[in-house]
Number of protein chains: 2
Amino acid sequence: MSQTYIKSYFSHEEKILVAVDCIIFGFDEGELKLLLMKKQIGSQIGKWSLIGSFVKENEDLDEGAKRVLKESTGLDDVFMDQLYCYGDVDRVFGDRVLSITYYALIRLCNHNLESVKEHGAEWVTFHDRPELIFDHNDMVERAIEKIRSKARNHAHGFELLPEKFTIPQVQHFFEEIYQEKFDKRNFRKKILSQGFLIKLDEKDKEGSKKGAFLYSFDKLKFKEFKNRKMIF
Amino acid sequence: MSQTYIKSYFSHEEKILVAVDCIIFGFDEGELKLLLMKKQIGSQIGKWSLIGSFVKENEDLDEGAKRVLKESTGLDDVFMDQLYCYGDVDRVFGDRVLSITYYALIRLCNHNLESVKEHGAEWVTFHDRPELIFDHNDMVERAIEKIRSKARNHAHGFELLPEKFTIPQVQHFFEEIYQEKFDKRNFRKKILSQGFLIKLDEKDKEGSKKGAFLYSFDKLKFKEFKNRKMIF
DNA sequence: CCAAAAGTGTTATCGCTACACCCATGA
DNA sequence: TCATGGGTGTAGCGATAACACTTTTGG
């Protein structure tokens with residue numbers, strides 16, 4: 001009863017179409033990738049767009065984002081964070097649609113690339129990505145900035161590397177995120193000075209003839225590092 | 001014609017109630033304040049809440065936030081930024097309501113305190129704020145963190161001071177934002193080292209018997225300062 | 001033997017932290 | 001004259017940026 005009673009309070013208010021759009025970056029030793037698809041329906045048919053669709057009335061926003069990503073690409077177990085809510089009346093043609101954006105950066109080899117292809121989605125090289133529909137370009141800009149700031153401030157990104165990895169691999173990762181080159185001496189010094197990488201006795205000989213020492217990631221030390229808050 | 005045609009694409013999708021909630025901080029030499037009001041209707045009647053209401057189908061989200069703030073408090077010319085979209089199905093009782101939050105920090109003396117009171121809203125001391133309804137406490141936490149990070153990284157906050165101000169005033173401002181004390185020598189050094197404060201020949205004798213030198217804010221120098229990006 | 005990538009050290013500068021005393025004045 | 005808040009300096013440390021050569025080894 002009280003349920004029905006309460007519901008009546010807002011019955012005269014206007015409802016709005018709500019969508020989620022997912023900005024998914026992928027990385028795997030090589031170049032940074034971005035997950036896109038070509039519009040199958042609507043006024044923008046054939047143009048490139050992010051992965052997105054409408055949110056149901058009875059699902060949490062976060063759930064909606066997961067569902068849409070899964071339905072459109074088959075991707076599962078992707079931990080997305082909310083980015084921004086795009087809400088101008090005329091942001092898309094024809095209808096008033098609110099879009100809440102979610103973003104993530106995943107390790108490609110942990111996910112099913114086949115199913116993405118079967119669903120008609122594509123991993124494109126971030127650096128050479130095509131123009132996108134509506135305000136989706138803006139969404140991508142905002143998302144990459146968030147990723148960068150996360151990588152900078154919280155040293156995120158080690159989840160993106162194999163269990164054992166080399167310093168040049170880490171550097172390559174950061175260079176892809178920033179689309180910029182760094183000095184390897186300074187980079188090595190900085191990364192090692194944080195104190196959460198453990199040098200192993202093995203070498204990885206994939207990347208070069210000489211071979212590079214492998215390191216592993218000390219989660220405990222990393223937590224200590226993160227908790228030092230950097231105050232004014 | 002094409003308008004009608006396009007509109008039909010999404011006609012079967014579910015629409016959702018969308019609200020905005022405004023987290024408005026106020027400052028004016030004294031203590032940091034937060035703008036609240038007591039619920040006049042609904043299941044939470046009489047409890048403290050942020051300023052919020054529903055978004056119309058034909059208004060931009062940003063416009064909606066401005067309108068709601070104006071209607072509920074009479075406040076005008078408040079430049080709010082978007083904070084986060086709260087979207088769990090059961091975040092409020094009875095109805096499914098999406099809430100997009102907006103936040104701002106304003107200088108109290110630039111705004112009409114009377115009209116706020118007449119509208120039934122209140123400025124409460126941030127440090128002693130009451131419990132709020134629903135997820136509004138969470139919203140406030142998130143907002144103050146954003147304000148802090150803005151003040152830290154972009155030296156925002158000089159808009160909040162008079163044209164001419166003293167160093168102790170600036171320090172007081174930061175101490176209110178962080179709810180924490182700082183060493184005055186280090187604070188002074190840091191703030192002055194940025195190079196965008198100009199020392200004047202006048203003293204302000206309000207705050208103390210000795211009087212403190214007044215400074216003004218060099219917008220040009222500040223822009224240079226902001227543009228230096230702090231890369232990895 | 002050589003191309004290609006890994007690895008290494010120093011210097012100068014800068015910003016941060018911690019810390020204790022004198023100054024000017026109005027009441 | 002004294003209580004109040006304004007104002008100052010330094011030493012040590014850690015982080016940053018710029019910079020060039022040696023090592024290893026598979027082909």
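Numbers restart at 1 for each chain; the letters A, B, ... are given by sequence-line order, proteins then strands. Quantities reported herein were computed from a predicted structural model and do not represent experimental measurements.
Residues satisfying the side-chain hydrogen bond (donor to acceptor under 3.5 Å, both in side chains) test with A:K210, not counting sequence neighbours, are none. For B:H111, the ring pair (Phe, Tyr, Trp, His ring centres under 6.0 Å) test picks out no residue, with sequence neighbours left out. Residues that satisfy the side-chain hydrogen bond (donor to acceptor under 3.5 Å, both in side chains) test with B:Y84, not counting sequence neighbours, are absent from this structure. By the ring pair (Phe, Tyr, Trp, His ring centres under 6.0 Å) test, A:F217 is found to be paired with A:F158, A:F196, A:F222, residues two or more places apart in sequence or in another chain being considered.
Atom C1' of nucleotide D:dG7 and atom NE2 of B:H172 are separated by 19 Å, given to the nearest angstrom. Rounded to an integer number of Å, the gap from OH of B:Y215 to C1' of D:dG6 is 10 Å. Taking atom CD1 on B:I167 and atom P on D:dG7, their separation rounds to 8 Å, with Å as the unit. In this structure, CZ of B:F187 is placed 13 Å from P of D:dG6, rounded to the nearest angstrom. Nucleotide D:dG6 holds its P atom 16 Å from the CD1 atom of B:I191, rounded to whole Å. The nearest whole Å value for the distance from the CZ atom in A:R188 to the P atom in C:dT10 is 16 Å. Separating the CZ atom of B:F182 from the P atom of D:dG7 is a distance of 19 Å, rounded to the nearest angstrom. For the pair A:L192 CG and D:dA15 P, the interatomic distance rounds to 13 Å; values are reported in whole Å.
Among residues at least two apart or in separate chains, ring pair (Phe, Tyr, Trp, His ring centres under 6.0 Å) pairs with a member in residues 121-143 of chain A are A:F25-A:F126.
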Protein proximity profile, nucleotides 19-27 of chain C - base contact B, sugar-phosphate-only contact S, no contact -, cut-off 4.0 Å on heavy atoms: BB--BBBB-
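Taking only side-chain nitrogens and oxygens, B:K190 comes nearer than 4.0 Å to OP1 or OP2 of C:dC16.
Between the side chains of A:Y103 and A:R142, no donor-acceptor pair is found at a separation under 3.5 Å.
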